[in-house]
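First up is the structure itself, then whatever we jot down about it.
Fair warning: this is a prediction, and the values are worked out from it, not measured in the lab.
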Amino acid sequence: MTGKFSVGAKVTCKVDYDRRRLIAPNHTCTHMLNFALREVLGDHVDQKGSIVLPEKLRFDFSHDPNRDGAINADHLRKIESIVNEQIKAELDVYSKEATLAEAKRINGLRAVFGEVYPDPVRVVAIGRKVEELLANPENREWSSISSELCGGTHITNTREAKAFALLSEEGIAKGVRRITAVTTESALKAMELGDLLLQEVDDASKMEVNLLDKKVASLKTSVDSASNPAAKKADIRAKIAQLQNQLKKAQKKIAEQNMQKAVTIAIELAELATKEGKTFCISRIDVGLDAAALREAVSKVIQQKEMPVMVFSIDEITNKAVVYAGVPEKSESIKRLEVSEWLTKALGPLKGKCGRGKGGLATGQGTDASRVNEAIDLATSFASMKLR
């Protein structure tokens, strides 16, 4: 993290005291983040720039996914964890002026690549006094702490940062990545939101299939727009993907059951209608809004019984109805009973409409399933009149 230096270790700031106080936790966390990045990704990481605002921090660093490997959710989780471990450890933050030559001898000292620093320069260390680092600069232990050249405003102890939430990681140029994060209350809120969303996904896994579809879509939207830790967001998305797979399997099983149910009942009712001397069959088989199951049922009746057939099904939750009708193309009935006209009559009470039928088949939906019995009566009367 760079700042504006002046001899005598005095930092020239154009911002007022309150602003400096507000940005101090974010400023110090960029140091801890820089350290964490090298710990997790490797020593090739160099700081390429940063912006510290009261509401967030932004940190750019060198990392080429093609050369250095892709950064995944586990990396982000470890990086975030290392920063939070330093916060929880309540480490003192020390600073001291030193000559540039002395500072550069400190093992593990971090600086912005390509930056021109003044001499003397200010050294900021977390967890160890700068005097200790200068007294024994080649000590290997120093590589395990955060030490940087910096002229910015810092907190005096890491506990003042309260928490660190890494919100996003992305590429901004070839070989340069960017992390956006928040600290203090903003970080705590982001973490709480992540936990709530994760719990919501867990709760959704216990929902009924007919409710789960909309819930999954709602969760995806919520997660995409939520400001919560990137690693937690990846976990939530993985669980949503599991929910989607669970939903697909359940929907496939229900579709198979619906089709078997619709075909079986439709054929049984058609056989009964034939025994009673009827020339058509109208039935209600509740399989929700599963038009595919109704189509199969109608097709099987036409194939096996060669009689006009209409099947109704409703969904009580949405108060919608789906209707499928068919008239055998090679029968005498088709000359007197046009399938689209028949279906249009039936859909009237349901406040629905249908398109032009094809191949003797037609389907439509209605938005008032409460009048399904009226629709069935109307369809029955119309078919009886046409087939007299």
Side-chain angles (χ1 to χ4, degrees), residues 1-6 8-39 45-61 79-98 103 106 108-118 120-130 133 145-169 177-190 229:
M1 183 72 188
T2 59
K4 192 170 183 180
F5 295 88
S6 65
K10 292 182 179 179
V11 181
T12 303
C13 294
K14 293 182 180 180
V15 292
D16 58 22
Y17 172 78
D18 286 339
R19 181 176 175 82
R20 282 184 284 143
R21 178 178 56 81
L22 288 171
I23 68 173
N26 288 348
H27 202 154
T28 303
C29 279
T30 61
H31 287 222
M32 293 188 278
L33 174 58
N34 196 1
F35 170 78
L37 285 167
R38 291 199 181 190
E39 286 287 297
V45 171
D46 280 314
Q47 182 178 344
K48 291 295 185 181
S50 64
I51 293 179
V52 178
L53 302 171
E55 67 273 14
K56 67 179 180 180
L57 65 89
R58 202 172 73 191
F59 190 89
D60 301 341
F61 60 99
I79 291 163
E80 185 178 71
S81 177
I82 288 172
V83 176
N84 280 308
E85 284 170 5
Q86 292 179 83
I87 292 172
K88 290 176 182 176
E90 299 187 352
L91 303 172
D92 287 327
V93 181
Y94 301 97
S95 64
K96 182 176 176 58
E97 185 181 282
I106 297 173
L109 181 80
R110 292 163 183 81
V112 178
F113 182 77
E115 180 80 3
V116 177
Y117 290 94
V121 71
R122 185 165 172 251
V123 179
V124 176
I126 297 175
R128 299 299 290 263
K129 291 182 178 180
V130 176
L133 277 62
I145 68 168
S146 172
S147 62
E148 291 193 31
L149 303 181
C150 182
T153 304
H154 290 272
I155 51 181
T156 59
N157 188 286
T158 57
R159 67 171 170 267
E160 295 171 47
K162 296 183 180 178
F164 174 84
L166 195 163
L167 301 184
S168 66
E169 185 278 329
R177 312 293 296 178
R178 171 172 291 168
I179 280 176
T180 301
V182 290
T183 65
T184 60
E185 299 301 329
S186 296
L188 294 171
K189 288 178 182 177

With heavy-atom distances below 4.5 Å as the criterion, would you say the side chains of Glu169 and Arg177 are in contact? yes
Output all residues satisfying side-chain contact (heavy atoms from CB on, under 4.5 Å) with Glu185, sequence neighbours left out; order by chain, then residue number. Lys162, Leu188
Determine whether His154 and Ser95 satisfy the following criterion, side chain to side chain contact (heavy atoms under 4.5 Å, CB included), listing intermediate values before the conclusion. CA-CA 9 Å; His154 290 272; Ser95 64; over 6 Å; no
Quick one: does Ser146's side chain have a donor or acceptor within less than 3.5 Å of a partner on Ile126's backbone? no
Leu166 vs Val83 side-chain heavy atoms within contact, under 4.5 Å: no
Side-chain (Arg38) to main-chain (Val45) donor-acceptor, under 3.5 angstrom: yes
Flag the pair Asn157 / Asp92 as yes when at least one side-chain heavy-atom distance between them is below 4.5 Å, and no otherwise. yes
Thr28 side chain to Ile155 backbone, donor-acceptor under 3.5 Å: yes
Would you compute the distance between atom CD of Glu80 and atom CE of Met32 and round it to the nearest 0.5 angstrom? 12.5 Å
Once rounded to the nearest 0.5 Å, what's the spacing between atom OG of Ser81 and atom CD of Glu39? 12.0 Å
If we only count heavy atoms from C-beta on, is the Val182 to Lys56 side-chain gap below 4.5 Å? yes
Identify, with sequence neighbours excluded, every residue that meets side-chain contact (heavy atoms from CB on, under 4.5 Å) alongside Ile145. Arg128, Leu133, Trp142
Would you check if the side chain of Asp60 reaches a backbone N or O of Arg178 as a donor-acceptor pair within less than 3.5 Å? no
Please check: side-chain N/O of Thr158 versus main-chain N/O of Gln86, any donor-acceptor pairing under 3.5 Å? yes
Taking the side chain as everything from C-beta on, heavy atoms only, tell me whether Leu57 gets closer than 4.5 Å to Leu33. yes
